[in-house]
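Letters A, B, ... are given to chains in the order of the sequence lines, protein chains preceding strands, and every chain is numbered from 1. Reckoned from all heavy atoms, side chains included, excluding hydrogens, waters and symmetry mates.
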Amino acid sequence: MNLQTYLLAKFKAALVAIGAPEDSPAPLSRSTRAGFGHYQFNGAMALSKVLKQKPRDIADKIVAAVEFTDEVEKLEVAGPGFINIHLSPAWLAKQLKQANADERLLIEAESAQTVVVDYSSPNLAKEMHVGHLRTTIIGDAVVKTLEFLGHKVLRQNHMGDWGTQFGMLITHLNDKLAADSAAETALSDLEDFYRAAKVRFDDEDGFADRARENVVKLQSGDPECIVLWKTFVDVSIKHSEEVYKKLNVSLKREHIMGESAYNDDLAPTVAELKQKGIVVEDQGAQVAFLQELADKEGNPAVYIVQKSGGGYLYATTDLAAIRYRNNVLKADRTLILTDARQALHFKQTEIVARKAGFIKPEQSYEHCPFGMMLGNDGKPFKTRTGGTVKLAELLDEAVERAAVLINKRESDLTADEREVIANKVGIGAVKYADLSKNRTTDYIFNWDTMLSFEGNTAPYLQYAYTRIQSIFRKAGVNAEALQADMQLQAEQELVLAVKLLQYVEAIKQVSSDGTPHVLCTYIYELASFFMSFYEACPILKDGIDEPTKNSRLMLAQLTAKTLKSGLELLGIETMEKM
RNA sequence: GGUUCCAUAGCUCAGCUGGAUAGAGCAACGCCCUUCUAAGGCGUGGGUCGAAGGUUCGAAUCCUUCUGGGACCGCCA
């Protein structure tokens, strides 16, 4: 049941009935405050001019024309012509009972699409740092939401496993191995390894030349270089996998489709672009001039697909990736989660790819950008100036902090239980702090905010869930077997009930816009409404009659299911106790 | 120079395709634990939505200009 679309259909029919034009706007939204009902229909004002009638008169006619049976308790016209929709508690109770009996919480699947989601994509030359958090976490939440709605999702981890820097790295690795060091040991800290290689590249006689030679050899498929490269990449991937595991992210090895995977297709891609006249030679390079993105004077934007020396660039790789995703993977939609700095690049890439027919008109190509991570001083985190925070270390710190907090509290939890909880709480807090922000602009990375466990945070949501579990333990009731009629009496019950039925609205928006923060907001409000209900509406206390008790248990149960479902989509774990 | 994104409470952020008195969290200040877990609840204070015009029944939201900031712009990704 989707309340919004259900009501909207009714009102659209009513508009037709009163003789409004076919495509009249039909704005129906959640009400902004309690006194204005649950939803409001604001279409009357806009129709005033078209129908040449007073907006309030139109509103009255709509109210008379709209056909409801038992869904609505009352419709009232207010202000200039708002129609406030008050849903009937009995009808809402019926919907909730059905939702509670349904595994999918009565959320119908969308018509399935094949969706490619390109996310995480770390550079294997270095260790994952806090800058990789957003793409990894947001991407994973979007992926899980799309899957929940019935889509076929293909995760693509477009790892940076190719490029000139690997010449330097494999040369350094070669020397380390020659000095009898094991690859795992030499590469135990990628950051150190990279720094050491860079120092040698800059300072050591002959090293830079050897590195450059190795790049050429690597690109021409020299077996020795390939072995070194594979060794390096393999160890680096293992580092990433550890982070993914800690983060509770669903990315696996089979989702890796690194830049190197497209090597063989780069030349054919450029050849096709040349053949179609989309790129031309300019100053020795293969270039597309894009009139679509010209400046005021009419100078076209420049997009290089092949360097003057014949080398390829990320533009080439991205175009080849598009061909693969559309031709082989048959993507209906492609979502790419990278930082906002690459917005122009992807806009250009799409224009070129569409011209070349790599993307068909019915296929979408959506860059989902987000801002950079800034330090407390508002300046960007720099990667090689010592300011880098390794992702693995951030996560460990989060878990430690959570453990300290848990150990301060009195409880009957065992040491093992505490450890599991500390992990879920700490990791959840880090993920939620990031997921709950949508801004495409930069955002301030603050250790304390990110690891805070109070207010609008993951622990708050997890806590709400455990409170419900605690009620069921105490009641000795099997939550699954619970079958009772619901009665929504207290205001807190009604507010919670409507919120529960709006879950579908939140996740549909996440799937269409790629914005998990909408789901975060929803879950937080749901948890918050539950907390108020919990304080105001006793369940197991003396003097609560059986029907009320069972009704409230049902409400609590559906809240728990919804919280758990939503948190799962966000990649945040729940627990029975905390 | 060009393109583009942004500016909302002391701080960090929401605000859906324009809708009624702009919302949270943190911080501050009050209450509420012999009663279902106080990582909680209830309440108070705090905003000329960067500025000025415009569009209209109605603007934080759309358009223009300005101010301030960020990012990007032919061989890095």
Participant: For A:Phe370 and B:A71, what is the distance between atoms CZ and P respectively, to the nearest whole Å?
Facilitator: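 Atom-to-atom, A:Phe370 to B:A71, this comes out as 17 Å.
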Participant: Reckon A:His345 has a side-chain N or O less than 4.0 Å from the OP1 or OP2 of B:C76?
Facilitator: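 No, because none of the side-chain N or O atoms of A:His345 sits under 4.0 Å from OP1 or OP2 of B:C76.
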Participant: If B:U21 has a Watson-Crick or G-U wobble mate with both distances under 3.5 Å, name it; if not, just say none.
Facilitator: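 With both distances under 3.5 Å required, B:U21 matches none.
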Participant: Should B:C16 form a Watson-Crick or G-U wobble pair with both distances under 3.5 Å, which nucleotide is its partner?
Facilitator: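 Paired with no nucleotide.
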Participant: If we call it a pair only when both distances are under 3.5 Å in a Watson-Crick or G-U wobble match, what pairs with B:A71?
Facilitator: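 Base-paired to B:U3.
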Participant: Less than 4.0 Å between a side-chain N and a carboxylate O, is that true for A:Glu493 and A:Arg552?
Facilitator: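 Salt bridge: yes.
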Participant: I'd like to know if A:Asp448 pairs up with A:Arg401 as an ion pair, taking the criterion as any Lys NZ or Arg NE/NH1/NH2 lying under 4.0 Å from an Asp or Glu carboxylate oxygen.
Facilitator: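 Between A:Arg401 and A:Asp448 there is a salt bridge, with a charged N closer than 4.0 Å to a carboxylate O.
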Participant: Kindly confirm whether the side-chain ring of A:Tyr303 is stacked on the base of B:G74, judged by centres under 5.5 Å and planes under 30°.
Facilitator: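 Per 5.5 Å and 30° rule: no stacking.
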Participant: Scan every strand shown for a Watson-Crick or G-U wobble partner of B:G43, both distances under 3.5 Å, and answer none if you come up empty.
Facilitator: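 Answer to the pairing question: B:C29, which forms a Watson-Crick or G-U pair with B:G43.
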Participant: Expressed in whole Å, how much space separates the P atoms belonging to B:C11 and B:C73?
Facilitator: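 Going atom to atom, P in each nucleotide, I get 32 Å.
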Participant: For A:Ile471 and B:U35, give me the distance from atom CD1 to atom P, rounded to whole Å.
Facilitator: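 In whole Å, B:U35 P and A:Ile471 CD1 are 15 Å from each other.
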Participant: For B:U64, what is the paired nucleotide under Watson-Crick or G-U wobble rules, both distances under 3.5 Å?
Facilitator: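 Per the H-bond distance test, B:A52.
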Participant: What interatomic distance, in whole Å, is found between P of B:G1 and the corresponding atom of B:C57?
Facilitator: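 Their P atoms lie roughly 39 Å apart.
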Participant: When you compare B:U55 with B:A60, how far apart are their P atoms, in angstrom units rounded to a whole number?
Facilitator: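 Those two atoms are separated by 16 Å.
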Participant: With centres under 5.5 Å and planes under 30° as the test, does A:Phe36 stack with B:A20?
Facilitator: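 Yes; by the centre-distance and plane-angle rule, A:Phe36 counts as stacking on B:A20.
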Participant: Taking pairing as Watson-Crick or G-U wobble with both contacts under 3.5 Å, can you name the mate of B:U34, or confirm there isn't one?
Facilitator: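 With both distances under 3.5 Å required, B:U34 matches none.
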Participant: For B:C76, give the paired nucleotide (Watson-Crick: N1-N3 plus N6-O4 or O6-N4; G-U: N1-O2 and O6-N3; both under 3.5 Å), or none.
Facilitator: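 When the pairing criteria are applied, nothing turns out to pair with B:C76, so the answer is none.
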